[in-house]
Amino acid sequence: MTNLSKSMRSKLAHESKIAIVNPIAEIKSSDEHTIKTLFALPDGKQIEAVLMKYDKRRTICISTQVGCAMACPFCATGHTGFERNLSVGEIVDQVLYYSRLLAKHNEVVTNVVFMGMGEPFANYVNTWQAIRHLNDSQGFDLGARKMTISTVGLVPAIRRMSHEPEQVGLAVSIHAPIDAIRDTIVPVNKRYPLNILMNACRDYIEMTNRRVTFEYVLMDGVNDNDEHADQLAQLLKGLLCHVNLIPLNPASASLFRRASAERVYAFRDRLQQANIPTTIRLPRGVDIQAGCGQLRAQN
Ligand code: SAH
């Protein structure tokens, strides 16, 4: 940019970077609807992000950390351990990368989900700053409602988010209706057990009047029987919410198995009969390890 002074250019070169996530490998699912990208970061660490094409939607699933400290035993990222938080730029740049990729076909990013590697609420400040830039009308200009954060259930951050002005969607990884089960599959439950988590969600809904999504990964013989469905319906009764059932995707060295399709439908029907709006998340990109819980940055 020769229209800037030399001193300004050298200051910028010294203080800032352009395109800080560098795509080093990319794979497409066999149906071509899902693309997974491996990015190298300036310090050589690696992350993954995913682009999903559903009808007119172009949803990207981005990472907020290198690795993850939450250690959920059914998740591949949880097995890798935590390395570091992503910077604001590293988060935003994943979106810009896909935006440029889509622009070649006259398409745009329509939705951003913070559901890639890491726990977004364990990197709250950078994640929220990234959201501001993405939402800013002089920035990426994506509506806050087009963005969703998924959390393992970090209660102080849920409370903090309820005070934010941006109407970003909240998804909570509930995965079990009672502490005895949740303790074993979501270790952070020992710190924020279900009653404390549900109080925070109730307060969040009251303050924001926004519907919360509860994610529930169905695992064979662990959390998928009728009694679990009834307990979940009881737990969520009267709340402005929606349940998104996720049939477990295979993750590295995981001992857990996906619930049968029959169980998944029965679980949904039972929740719906109890007046809990419930949908099943379609598996996407599982053949390229780009499904939920399969990201682990391997070349
Ligand atoms: N740390 C955030 C984002 C995780 S990824 C969180 O915990 O919510 C988004 C969703 O995928 C979460 O609900 C997560 O529990 C789920 N997930 C993790 N491993 C999975 C697997 N093997 N199969 C299906 N879903 C999985």
Side-chain angles (χ1 to χ4, degrees), residues 34 36 47-50 52 59-82 85-86 91 94 111-124 126-127 147-155 157-158 161 168-176 181-182 184-189 191-192 197 200-201 212-220 222-224 232 241-259 261 263-264 267 279-297:
T34 305
K36 179 169 79 165
I47 54 164
E48 292 180 331
V50 181
M52 289 160 286
T59 300
I60 61 173
C61 175
I62 61 172
S63 294
T64 53
Q65 299 184 312
V66 183
C68 185
M70 299 300 124
C72 301
F74 56 92
C75 175
T77 310
H79 293 169
T80 65
F82 173 71
N85 281 332
L86 296 189
I91 299 171
Q94 295 169 65
N111 299 76
V112 174
V113 298
F114 293 84
M115 300 190 187
M117 299 171 73
E119 166 51 39
F121 278 171
N123 185 14
Y124 189 97
N126 290 354
T127 298
M147 297 188 247
T148 302
I149 293 187
S150 176
T151 179
V152 72
L154 301 186
V155 164
I158 293 173
M161 180 177 171
V168 173
L170 174 64
V172 176
S173 293
I174 189 120
H175 302 336
I181 303 174
R182 197 164 190 266
T184 65
I185 53 180
V186 182
V188 83
N189 193 62
R191 201 151 104 221
Y192 303 114
L197 175 61
C201 293
V212 169
T213 297
F214 289 98
E215 295 156 295
Y216 195 103
V217 173
L218 281 165
M219 306 178 212
D220 181 36
V222 175
N223 62 355
D224 65 339
L232 184 63
C241 72
H242 161 258
V243 172
N244 195 209
L245 298 174
I246 315 176
L248 182 81
N249 292 317
S252 48
S254 167
L255 300 171
F256 300 95
R257 283 174 321 243
R258 168 180 289 196
R263 267 282 92 216
V264 173
F267 203 92
T279 51
I280 298 169
R281 189 178 293 185
L282 277 179
R284 295 276 168 182
V286 173
D287 60 332
I288 54 168
Q289 275 79 52
C292 305
Q294 295 188 302
L295 302 186
R296 59 178 188 143

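For ligands, and for the atoms within them, numbers begin at 1 and follow the listed sequence.
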Contact between G118 and ligand 1, counting heavy atoms under 4.0 Å? yes
Point to revise | ligand 1 to P247 polar contact by distance, N or O atoms, under 3.5 Å | key: no
Logged contact type for E215 with ligand 1, heavy-atom cut-off 4.0 Å, is side chain
For V286, is there any backbone N or O sitting under 3.5 Å from a side-chain donor or acceptor partner on N249?
no
* To do: Say whether, by atom type as modelled, one donor and one acceptor occur between the side chain of Q294 and the main chain of P250 under 3.5 angstrom.
  => yes
Residue set satisfying side chain to side chain donor-acceptor pair (under 3.5 Å) with N189, at least two apart, ordered chain then number -> D179, R182, D183
Whether K36 side chain and Q289 backbone form a donor-acceptor pair below 3.5 Å:
yes
Checking heavy atoms under 4.0 Å, the part of T151 that sits near ligand 1 is backbone
*asked:* Within the structure provided, determine whether M52 and C61 are in side-chain contact (heavy-atom separation under 4.5 Å).
replied: yes
A student checking ligand 1 against H175 at a 4.0 Å heavy-atom cut-off should list atoms 13 (O), 14 (C), 15 (O)
Output for pair (F214 CZ, L232 CG), nearest 0.5 Å, gives 8.5 Å
Testing the 3.5 Å rule here: is there a donor-acceptor pair between the side chains of T151 and E119?
yes
Ranking S173, S63, P120 by closest non-hydrogen atom to atom 6 (C) of ligand 1, top hit is S173
If you scan protein heavy atoms around atom 5 (S) of ligand 1, the nearest is M115 O, 3.2 Å
closest protein heavy atom to atom 25 (N) of ligand 1 is C292 CB, 3.3 Å
Polar contact flag for C68 and ligand 1 (N/O pairs, less than 3.5 Å)
no
Practice problem: Check whether any side-chain N or O of T77 sits under 3.5 Å from a backbone N or O of L295 as a donor-acceptor pair, and report yes or no. | Solution: yes
Ligand 1 to C75, heavy atom cutoff 4.0 Å, flagged ligand atoms 18 (C), 19 (N)
of all protein heavy atoms, closest to atom 19 (N) of ligand 1 is G293 CA, 3.0 Å
Counting heavy atoms under 4.0 Å, the part of V217 that contacts ligand 1 is side chain
Rounded to the nearest 0.5 Å, the CD atom of Q94 sits from the CD atom of E48 at a distance of 10.5 Å
Under 4.0 Å from one or more heavy atoms of I246, ligand 1 contributes atoms 24 (C), 25 (N)
Ligand 1 contact by M70, heavy-atom criterion under 4.0 angstrom: no
Would you check whether R281 has a nitrogen or oxygen atom less than 3.5 angstrom from a nitrogen or oxygen atom of ligand 1? no
Logged contact type for N249 with ligand 1, heavy-atom cut-off 4.0 Å, is both
Check whether any side-chain heavy atom of P247 sits under 4.5 Å from a side-chain heavy atom of L218, and report yes or no.
no
- Check whether any heavy atom of R258 sits under 4.0 Å from an atom of ligand 1. no
Contacts of R191 meeting side chain to side chain donor-acceptor pair (under 3.5 Å) (sequence neighbours excluded), chain-then-number -> none
